[in-house]
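Please read the structure below before turning to the comments.
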Amino acid sequence: LLLILCCILSPLSADTLPRVPGGYVNDYAGLLSPAEHQSLSSKLQRYEQETTDQLFVVTVNSLDGQRIKTVANTLAQQWKIGQNGKDNGVLVLLSKQDHQVRIEVGYGLEERLTDAYTTHVIHQFMLPAFRQHAFYSGLNAGITALMQPHTKHDDGSGAFILMICIVIGFIIAFICLWVYVAKRGGATFVNVTGCSTTVTSKAQWDKDSFRGGGGGEFGGGGSDGKW
């Protein structure tokens, strides 16, 4: 009985995490008050009801020498966070003694919650509060940022691709005009009008390759930080 009581009252580490979650918020390190725990849990429950996305929070006392990325991915896979067929799960893992936090993103949300954006969330909203031991404030602010409307957070790559497409479009238009003028003058050139179709198909393939599949699957997307 004494052993069981000690296990319940002692903060858990990465090696002793349960195989199933206790709820949306799993404060095994004891960093949150009952009111703070309830506030975050209610917030995450409403979020799933409104979007079907699942976001779980886990705090542990120690990583036991393991990489936080490995622990987060293993836990997210084991708990199968996210809806079946949508892979729309997110796990926020915080280690008290290691002073580390990780946002693990499911396949289905990697296009919206990019590595660049989750890094921004950690450094902008979480770490400043954690340095002041304000764990609830940091978690709440970070979670709010992760819950932003379902639009892809631009990491700069979209603008670059758009610029490339515009340049290619001008080149194709110039070549087509040149071919047209040359033909009017009697010269013969190779037909390159099919280039636009090729470029469009490649751009579409790049976009589609970011989509994942399978229920509650995680591929290592996300970011971590240390305070």
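Heavy-atom basis, side chains included; hydrogens, waters and symmetry copies ignored. In this text the structure is predicted, and so the values were computed from the model without any measurement.
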> Val20, Val25: one ILVMFWY side-chain cluster at the under-4.5 Å cut-off?
Replying inline: no

>> What I'd like to find out is whether the side chain of His123 reaches to under 4.5 Å of the side chain of Thr119, using heavy atoms alone.
In response: yes

> If you round to the nearest 0.5 Å, how far is CG of Leu32 from CZ of Phe135?
Replying inline: 9.5 Å

>> A side-chain contact here means heavy atoms from C-beta on lying under 4.5 Å apart; do Ile168 and Ile166 qualify?
In response: no

> So, for Phe56 and Pro21, which heavy atoms are closest and what is the spacing to 0.1 Å?
Replying inline: CE2-CG, 3.8 Å

>> Minimum heavy-atom separation for Ser223 and Asp115, please, with both atom names.
In response: OG-O, 2.8 Å

>> Any side-chain to backbone donor/acceptor pair from Asn61 onto Ala29? Under 3.5 Å, distance only.
In response: no

>> Please tell me whether Glu104 and Asn73 have a donor and an acceptor in their side chains that are separated by less than 3.5 angstrom.
In response: yes

> What's the verdict on side chain to side chain contact (heavy atoms under 4.5 Å, CB included) for Tyr136 and Leu40, showing C-alpha distance, side-chain angles and the deciding distance?
Replying inline: CA-CA 9 Å; Tyr136 170 76; Leu40 284 181; 3.7 Å; yes

> Does the side chain to side chain contact (heavy atoms under 4.5 Å, CB included) test come out yes or no for Leu94 and Phe130, once each step is laid out?
Replying inline: CA-CA 10 Å; Leu94 183 154; Phe130 294 165; 3.4 Å; yes

>> I'd like to check the ring-ring contact (aromatic ring centres under 6.0 Å, His included) partners of His133; sequence neighbours left out, ordered by chain and number.
In response: none

> Between CZ of Arg102 and CG of Leu75, what distance do you get to the nearest 0.5 Å?
Replying inline: 12.5 Å

> Just wondering, do Asp224 and Val101 contact through their side chains at under 4.5 Å, heavy atoms?
Replying inline: no

>> Quick check: closest heavy atoms across Phe125 and His120, and the distance to 0.1 Å?
In response: CE1-NE2, 4.0 Å

> Which heavy atom of Trp79 sits nearest a heavy atom of Pro18, and at what distance?
Replying inline: NE1-O, 3.2 Å

>> I'd like to know if Asp53 and Arg112 make a salt bridge, using a cut-off of under 4.0 Å between side-chain N and carboxylate O.
In response: yes

>> For a quick check under 3.5 Å, do Glu48 and Thr52 share a side-chain donor-acceptor pair by atom type?
In response: no

>> Could you walk me through whether Ser42 and Gln38 satisfy the side chain to side chain donor-acceptor pair (under 3.5 Å) test, starting with their C-alpha distance in whole Å, then the side-chain angles of each, then the deciding distance to 0.1 Å, before giving a yes or no?
In response: CA-CA 6 Å; Ser42 299; Gln38 182 59 47; 2.9 Å; yes

> What's the verdict on side chain to side chain contact (heavy atoms under 4.5 Å, CB included) for Val57 and Asn26, showing C-alpha distance, side-chain angles and the deciding distance?
Replying inline: CA-CA 6 Å; Val57 174; Asn26 302 269; over 6 Å; no

>> Is a donor from one side chain sitting under 3.5 angstrom from an acceptor on the other, for Asp27 and Thr59?
In response: yes

> Hey, what do you get for CG (Leu31) to CG (Leu139), rounding to the nearest 0.5 Å?
Replying inline: 8.0 Å

> Taking all atoms of both residues into account, what is the closest heavy-atom pair of Asp98 and Lys226, and its distance?
Replying inline: O-CE, 3.5 Å

>> Give me the atom names and distance for the closest heavy-atom approach of Leu55 to Tyr24.
In response: O-CD2, 3.9 Å

> Can you tell me how far the CD atom of Gln148 sits from the OH atom of Tyr117, to the nearest 0.5 Å?
Replying inline: 5.0 Å

> Is the count of non-hydrogen atoms from other residues, nucleotides or ligands lying under 6.0 Å from Lys69 atom NZ greater than 12?
Replying inline: no

> Looking at Val121, Leu113, Leu91, which one forms a side chain to side chain contact (heavy atoms under 4.5 Å, CB included) with Ile103?
Replying inline: Val121

> Do the non-hydrogen side-chain atoms of Gln132 and Pro128 ever get within less than 4.5 Å of each other?
Replying inline: no

>> Checking His37 against Ser41 for the side chain to side chain contact (heavy atoms under 4.5 Å, CB included) test, could you report, in this order, the C-alpha distance in whole Å, the side-chain angles of both residues, the deciding distance, and whether it holds?
In response: CA-CA 6 Å; His37 187 288; Ser41 295; 3.5 Å; yes

>> Measuring from atom OG1 of Thr74 to atom CZ of Arg67, what distance do you get when rounded to the nearest 0.5 angstrom?
In response: 11.0 Å

> Can you check whether Phe218 and Tyr107 have ring centres sitting under 6.0 Å from each other?
Replying inline: no

> Which distance, rounded to the nearest 0.5 Å, do you find between the CG of Leu44 and the OG of Ser39?
Replying inline: 9.0 Å

